[in-house]
Amino acid sequence: MKLNPDCIRDIMLFCEKYTYIKTDEVGNLLVASYHVLYASEMRKLPPLNSYDAGELIYHIIQLVESGYLASDFRFDPLENFRHGDTPKIYYVTPKGHEFIASIEEKKNWAKTKKVLGAIGSVSLSVIETISKGVATVVIEKAMAQVPEG
């Protein structure tokens, strides 16, 4: 299966928006837990519901294995899907937040996609490199317009 850059972006923005830590006070104790995202439920919500469930799960696994999302999912082709074990996402990693910063802005994403289209096949590292390059150019232009002093 080929990587779909739009699916990757939609998953990352979705996870950033919907992962959080819940806290409760129980007596004198502060109890914290992750708001876990389940791929089986994520696929029902926009914008992720526009993707085939298999495509969505494939991209989530790619993002987990590449270090962008934290999960306890470990791929075992003999066990995972037979028992309905689809990925659970606990949080966006620091590497994932850095990636989101370079793909979040719609204008920058449009430029990134244009470059990706010119290249052809892509990997996560290529998407990240191009999106960071686009963001760097935007930052340099903005800094050039800031008056000194």
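All values below come from the heavy atoms of this structure, side chains included, with hydrogens, waters and symmetry mates left out.
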Anything under 3.5 Å between a donor and an acceptor, one on a side chain of residues 125-136, the other on a protein residue two or more places apart or in another chain? List them.
from: S125; atom 1: OG; to: S123; atom 2: OG; distance (Å): 3.1
from: E128; atom 1: OE1; to: Y68; atom 2: OH; distance (Å): 2.8
from: E128; atom 1: OE2; to: K132; atom 2: NZ; distance (Å): 3.1
from: T129; atom 1: OG1; to: S125; atom 2: O; distance (Å): 2.8
from: S131; atom 1: OG; to: S102; atom 2: OG; distance (Å): 2.9
from: S131; atom 1: OG; to: I127; atom 2: O; distance (Å): 3.0
from: S131; atom 1: OG; to: E128; atom 2: O; distance (Å): 3.0
from: K132; atom 1: NZ; to: E98; atom 2: OE2; distance (Å): 2.7
from: T136; atom 1: OG1; to: K132; atom 2: O; distance (Å): 2.8

Can you give the donor-acceptor pairs under 3.5 Å from side chains of residues 46-63 to other protein atoms, not counting sequence neighbours?
from: S50; atom 1: OG; to: P47; atom 2: O; distance (Å): 2.8
from: Y51; atom 1: OH; to: D6; atom 2: O; distance (Å): 3.3
from: Y51; atom 1: OH; to: C7; atom 2: N; distance (Å): 3.3
from: Y51; atom 1: OH; to: D10; atom 2: OD2; distance (Å): 2.6
from: D52; atom 1: OD2; to: G54; atom 2: N; distance (Å): 2.9
from: D52; atom 1: OD2; to: E55; atom 2: N; distance (Å): 3.2
from: E55; atom 1: OE2; to: N4; atom 2: ND2; distance (Å): 3.1
from: Y58; atom 1: OH; to: M1; atom 2: O; distance (Å): 3.3
from: H59; atom 1: ND1; to: E55; atom 2: O; distance (Å): 2.7
from: H59; atom 1: NE2; to: N4; atom 2: N; distance (Å): 2.7

Determine all donor-acceptor pairs shorter than 3.5 Å in which one atom belongs to a side chain in residues 22-33; sequence neighbours excluded.
none

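In the hydrophobic clustering of ILVMFWY residues, with side-chain heavy atoms under 4.5 Å counting as a link, I11 and Y20 come out apart. In the hydrophobic cluster analysis, where Ile, Leu, Val, Met, Phe, Trp and Tyr join through side-chain heavy atoms closer than 4.5 angstrom, V92 is grouped together with L124. Hydrophobic cluster membership differs between Y91 and M42, with clusters built from Ile, Leu, Val, Met, Phe, Trp and Tyr side chains linked at under 4.5 angstrom. At a threshold of 4.5 Å between side-chain heavy atoms, the hydrophobic network of Ile, Leu, Val, Met, Phe, Trp and Tyr places L69 and I8 in one connected group.
Remark: Y90 engages Y34, V36, D72, K88 in a side-chain contact (heavy atoms from CB on, under 4.5 Å) (not counting sequence neighbours). Listed by chain and number, the residues in a salt bridge (charged side-chain N to carboxylate O under 4.0 Å, His left out) with E65 amount to none (sequence neighbours excluded). Remark: K17 engages no residue in a salt bridge (charged side-chain N to carboxylate O under 4.0 Å, His left out) (not counting sequence neighbours). Partners of H35 by side chain to side chain donor-acceptor pair (under 3.5 Å), not counting sequence neighbours: none found.
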For the pair L45 and Y18, evaluate side chain to side chain contact (heavy atoms under 4.5 Å, CB included) and give the outcome as yes or no after the intermediate values.
CA-CA 11 Å; L45 302 170; Y18 292 108; 6.0 Å; no
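Of all non-hydrogen atoms in V122 and P5, the two that sit nearest each other are CG2-CG, 4.2 Å. Heavy atoms only, all atoms of each residue included: T86 and S40 are closest at OG1-N, 3.9 Å.
Listed by first and then second residue, the salt bridge (Lys or Arg N to Asp or Glu O under 4.0 Å) pairs involving residues 99-110 amount to none (not counting sequence neighbours).
Distance check, rounded to the nearest 0.5 Å: NZ of K95 to OG of S66 gives 6.0 Å. The structure places CD1 of I103 at 6.5 Å from CZ of R9, a figure rounded to the nearest 0.5 Å. We find the OH-NZ distance between Y38 and K44 to be 13.0 Å, quoted to the nearest 0.5 Å.
Grouping Ile, Leu, Val, Met, Phe, Trp and Tyr by side-chain contacts under 4.5 Å, direct or through others, leaves V137 on its own. The other residues sharing a hydrophobic cluster with I139 are M143, where clustering joins ILVMFWY side chains under 4.5 Å apart. Membership of an apolar cluster is not assigned to V146, as no side-chain contact below 4.5 Å to another ILVMFWY residue is traced.
Other residues, nucleotides and ligands contribute only 12 or fewer heavy atoms inside 6.0 Å of the NZ atom of K114.
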